Amino acid sequence: DTAVSQTPKYLVTQMGNDKSIKCEQNLGHDTMYWYKQDSKKFLKIMFSYNNKELIINETVPNRFSPKSPDKAHLNLHINSLELGDSAVYFCASSQTGPGIFGYTFGSGTRLTVV
Amino acid sequence: KQEVTQIPAALSVPEGENLVLNCSFTDSAIYNLQWFRQDPGKGLTSLLLIQSSQREQTSGRLNASLDKSSGRSTLYIAASQPGDSATYLCAVKAASGAGSYQLTFGKGTKLSVIP
């Protein structure tokens, strides 16, 4: 059973297109995240959703819009794709709470904008 | 703002050696620290999680320590194997306001174990 699953695994698209990445977790966690890993392999938080409510929205262009239909799903919509959006996007989940709760990551979606 | 630094950025060792990866963080008000492994083109696999009240955690050949007051953690790998070659990421969980939490990553240490 895959704990955090993302689709698609690879996405190649042209500049200006709109695309979506889907994420689902079956761990019963109440918080989900989107992280971006750039070409230098640095992971940075983009969004955090807790029980379908946006908690963290880092300085991300408003072309990126997360949507959470329920606490097990967090999708990422990207409008008007640009070359600089090329990266690997990781979905993660965690349970709200202090020290004992870690994060579980999906396998990533490699987005290439041409 | 929390910053996480990992040293060295890359490390190459012969098979069988014991090695230590270092992680430091600027704000000691953390809830836990997680070590992850990332293989090329793959996702993140959680290796060890140390709660802020703990000093160390062990799993097989891996041992992670935490000195919260000094903002440091180490990952010790015993008897390294070529299969250990990967990028190792350190991440700390801290409060980000409004009852939420945030995981902040270091840039990783790329480990190569030479047969």
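Small disclaimer: the values here were computed from a predicted structure and weren't measured. Just so it is clear, the values below take in all heavy atoms, side chains as well, and ignore hydrogens, waters and symmetry mates. Naming convention: chains lettered A, B, ... in sequence-line order (proteins, then strands); numbering from 1 in each chain.
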In one Ile/Leu/Val/Met/Phe/Trp/Tyr side-chain cluster, 4.5 Å: [X], [Y]:
| X | Y | value |
| --- | --- | --- |
| A:F64 | A:L83 | yes |
| A:L76 | A:V113 | yes |
| A:L43 | A:Y89 | no |
| A:M46 | A:L81 | yes |
| A:L54 | A:V60 | yes |

Below 4.5 Å from any heavy atom of chain B, which atoms of A:T31 appear? Answer side chain, backbone, both or neither. neither
Atom group of A:F90 that falls short of 4.5 Å from chain B, counting heavy atoms: side chain
Is [X] in contact with chain A via its backbone, its side chain, both, or neither, using a 4.5 Å heavy-atom distance?
| X | answer |
| --- | --- |
| B:L89 | side chain |
| B:K107 | both |
| B:Q54 | neither |

So does [X] have more than 12 non-hydrogen atoms from other groups sitting under 6.0 Å from [atom1]?
| X | atom1 | value |
| --- | --- | --- |
| B:E17 | CD | yes |
| A:K44 | NZ | no |
| B:R61 | CZ | yes |

Decide yes or no for [X] and [Y]: does some side-chain heavy atom of the first lie under 4.5 Å from some side-chain heavy atom of the second?
| X | Y | value |
| --- | --- | --- |
| A:T104 | B:L44 | no |
| B:L103 | A:I45 | no |
| A:F105 | B:Q38 | no |
| A:F101 | B:K93 | yes |

Measure the spacing between NZ of A:K41 and CZ of B:F105 and express it to the nearest 0.5 Å. 14.5 Å
Can you tell me how far the OG atom of A:S48 sits from the CD atom of B:Q102, to the nearest 0.5 Å? 8.0 Å
